[in-house]
Amino acid sequence: MLALMGIVFIVVGNYLPKCKQSYTVGIKLPWTLNDEENWNRTHRMGGKLWVASGIILLLSMLLPASAMVVVVLAVIGVAVFVPTVYSYLLFREKEKRGE
């Protein structure tokens, strides 16, 4: 199951930078949906992070079960939390510049 999850993360990570701004697919936050530049930059960074997360998930299969659970939860948390914060910071930066 963990191998499948790692592969899915890698596939989604490769797809994220290529997806166009939409309400159906992608990191759908209010500020990404309202700004194409924010959408593109967030998905570019998020895609790299998800590929790295998938590789870490695959490698975590080599760990003992208790450590594997911690790594999986941490990786999923980072893969969700970091792009969200990054996107929000881009939004705030653009807002401060008055754009």
Side-chain angles (χ1 to χ4, degrees):
M1 186 66 167
L2 189 56
L4 179 62
M5 200 160 91
I7 292 168
V8 167
F9 266 66
I10 292 170
V11 169
V12 170
N14 278 315
Y15 178 70
L16 275 177
K18 298 172 183 94
C19 68
K20 301 289 183 214
Q21 193 174 13
S22 74
Y23 288 93
T24 311
V25 177
I27 302 169
K28 299 177 298 266
L29 300 165
W31 44 88
T32 59
L33 291 170
N34 288 331
D35 182 12
E36 190 173 353
E37 179 187 354
N38 189 313
W39 175 277
N40 292 332
R41 290 178 65 182
T42 299
H43 283 75
R44 204 172 316 122
M45 188 278 299
K48 292 175 186 175
L49 183 63
W50 275 60
V51 169
S53 297
I55 293 168
I56 293 169
L57 289 174
L58 290 173
L59 293 174
S60 72
M61 293 188 313
L62 304 172
L63 298 172
S66 58
M68 186 186 335
V69 170
V70 172
V71 169
V72 168
L73 293 176
V75 164
I76 291 171
V78 167
V80 171
F81 184 71
V82 170
T84 302
V85 171
Y86 177 75
S87 177
Y88 182 73
L89 292 174
L90 289 175
F91 164 72
R92 295 289 293 169
E93 179 183 310
K94 192 169 186 175
E95 194 176 67
K96 282 183 182 178
R97 290 189 311 233
E99 293 178 31

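Residue numbers count from 1 along this sequence. Below, each value reflects all heavy atoms present in this structure, side chains not excepted, and no hydrogens, waters or symmetry copies.
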Using a 4.5 Å cut-off on heavy atoms from C-beta on, say whether the side chain of Ile27 contacts that of Ser87. no
Please tell me if the side chains of Val8 and Met5 come closer than 4.5 Å, counting only heavy atoms from C-beta onward. no
Are Ile76 and Leu4 connected, step by step, through hydrophobic side chains (Ile, Leu, Val, Met, Phe, Trp, Tyr) whose heavy atoms are closer than 4.5 Å? yes
Can you tell me how far the OG1 atom of Thr32 sits from the CZ atom of Arg41, to the nearest 0.5 Å? 13.5 Å
Give a yes or no on whether Tyr86 and Leu49 share a hydrophobic cluster (residues Ile, Leu, Val, Met, Phe, Trp, Tyr; joining criterion: side-chain heavy atoms under 4.5 Å apart). yes
Between Leu58 and Ile10, is there a side-chain heavy-atom distance shorter than 4.5 Å? yes
Once you round to the nearest 0.5 Å, how far does OG1 of Thr42 lie from CG of Leu29? 7.5 Å
Report the C-alpha distance between Lys96 and Glu93 in whole Å, list the side-chain angles of each, state the deciding distance to 0.1 Å, and finish with yes or no for salt bridge (charged side-chain N to carboxylate O under 4.0 Å, His left out). CA-CA 5 Å; Lys96 282 183 182 178; Glu93 179 183 310; over 6 Å; no
Residues Val72, Ser60; criterion side-chain contact (heavy atoms from CB on, under 4.5 Å); working and verdict: CA-CA 8 Å; Val72 168; Ser60 72; 4.1 Å; yes
dist Met68:CE -> Leu62:CG (nearest 0.5 Å) comes out at 8.5 Å
With heavy-atom distances below 4.5 Å as the criterion, would you say the side chains of Glu37 and Leu90 are in contact? no
Find the distance between CD1 (Ile55) and CD1 (Ile7) and round it off to the nearest 0.5 Å. 11.5 Å
Going by heavy atoms in the side chains, are Trp31 and Arg92 under 4.5 Å from each other? no
Between Phe91 and Val85, is there shared hydrophobic-cluster membership here, with clusters defined by ILVMFWY side-chain heavy atoms closer than 4.5 Å? no
Taking atom CD of Glu36 and atom NZ of Lys20, what is their separation to the nearest 0.5 Å? 8.0 Å
Counting only heavy atoms not in Lys94 (residues, nucleotides, ligands), do more than 12 fall under 6.0 Å from its NZ? yes
Flag yes if Val51 and Tyr15 sit in one hydrophobic cluster, no otherwise; membership is Ile, Leu, Val, Met, Phe, Trp, Tyr, and two members link when side-chain heavy atoms are under 4.5 Å apart. no
When rounded to the nearest 0.5 Å, the distance separating CG of Asn38 from CD of Gln21 is 9.0 Å
